[in-house]
Amino acid sequence: MHTAVSEQTSAAANTIRNNIQLWQDATAAGDVDKLLDLMDEEVVFLIAGHPPMKGREQFTQNLRNILQTHHIASSAQIQEIVVQADLAYTWSYLQVEIIPKQAGPQMRRAGNVLSIWRLQADGKWRISRDANLLTLETRNESGA
């Protein structure tokens, strides 16, 4: 029985790992609709210095606004995935580049992200809570 549980846990961790990559790919492609299925309807995003962003509709509207004028590229180095029954959390180090479609400076943000995932009734793992600790990366003119 213990082996079956660890196989389920491993399968869940792989699914969540794939969801993180799918999130990055969909964001880079500007495919906001694909992101909807990766979030719980009542998702909450906690972002330092900003009020909580509640609900996937608020998130997707904000993202659609940004994507009108910018491209987003990101990479996540997953530090930890822990699965317990129908809840899981991931800790990742995330780097994000927000690149203007026209002229203008690009913005780079990086930092740790802690996400809580829930196994939904339809069998899909979706983000329920996300604490984003990214800060603006600053570089001097020499690139250092």
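Sequential numbering from 1 along the given sequence is applied to the chain's residues. Hydrogens, waters and symmetry mates are skipped; everything else that's a heavy atom, side chains included, is used. These figures come from a predicted structure and were not determined experimentally.
- Take Val82 and apply the side-chain contact (heavy atoms from CB on, under 4.5 Å) test, not counting sequence neighbours, and it matches Glu80, Gln84, Tyr89.
- Rounded to the nearest 0.5 Å, atoms CG (Leu35) and CG (Leu22) are 7.5 Å apart.
- The two residues Ala110 and Tyr93 make their nearest non-hydrogen contact at CB-OH, 3.4 Å.
- Residue Val32 is grouped with residue Phe59 when hydrophobic side chains (ILVMFWY) are merged at heavy-atom distances under 4.5 angstrom, including chains of intermediate members.
- Rounding to the nearest 0.5 Å places CZ of Phe45 at 10.0 Å from CZ of Arg129.
- Among all heavy-atom pairs drawn from Gln24 and Ala76, the shortest one is NE2-N, 2.7 Å.
- Environment of CD in Gln120: crowded, with over 12 heavy atoms of neighbouring residues, nucleotides or ligands closer than 6.0 Å.
- Ile66 and Met107 fall within the same hydrophobic cluster, where Ile, Leu, Val, Met, Phe, Trp and Tyr residues are linked whenever their side-chain heavy atoms come under 4.5 Å apart, directly or through other members.
- Checking Thr90, Ile78, Ile127 one by one against Ile16, the side-chain contact (heavy atoms from CB on, under 4.5 Å) holds for a single residue, Thr90.
- Residues Ile72 and Leu136 share a hydrophobic cluster, clusters being chains of Ile/Leu/Val/Met/Phe/Trp/Tyr side chains in contact below 4.5 Å.
- Between Met53 atom CE and Asn62 atom CG the span is 5.0 Å, to the nearest 0.5 Å.
- Residue Asp122 holds its CG atom at 7.0 Å from CG of Asp37, rounded to the nearest 0.5 Å.
- The shortest heavy-atom contact between Leu134 and Arg109 is O-NH2, 2.9 Å.
- Few gaps surround CH2 on Trp23; more than 12 heavy atoms of other groups in view lie less than 6.0 Å from it.
- In this structure, the separation between CG on Asn14 and CG on Asn19 is 11.0 Å, given to the nearest 0.5 Å.
- Nearest heavy atom pair, residue Gly104 against residue Pro100, reads O-CG, 3.2 Å.
- Between the side chain of Lys101 and the main chain of Leu67, a donor-acceptor pair closer than 3.5 Å is present.
- Put simply, Ile47 and Leu114 are part of two different groups of oily side chains (I, L, V, M, F, W, Y) that touch within less than 4.5 Å, one to the next.
- When all heavy atoms of Val83 and Ala12 are compared, the pair lying nearest together is CG1-CB, 3.9 Å.
- Between Ser115 and Val113, the shortest heavy-atom contact is OG-CG1, 3.7 Å.
- Here the side chain of Gln79 pairs a donor or acceptor atom with the backbone of Gln77 at under 3.5 angstrom.
- Residues Trp117 and Ile20 meet the side-chain proximity criterion, which asks for heavy atoms closer than 4.5 Å.
- Listed by chain and residue number, Gln21 satisfy the side-chain contact (heavy atoms from CB on, under 4.5 Å) test with Asp25 (two or more places apart in sequence, or in another chain).
- Between the CD atom of Glu97 and the CD atom of Gln95 there is a distance of 8.5 Å, given to the nearest 0.5 Å.
- Without hydrogens or angle criteria, Arg56 side chain to Leu36 main chain gives a donor-acceptor distance under 3.5 Å.
- Grouping the Ile, Leu, Val, Met, Phe, Trp and Tyr side chains by contacts below 4.5 angstrom, directly or via other members, places Leu38 with Val96.
- Checked for salt-bridge contact, Arg118 and Asp40 miss the test: no charged N lies under 4.0 Å from a carboxylate O.
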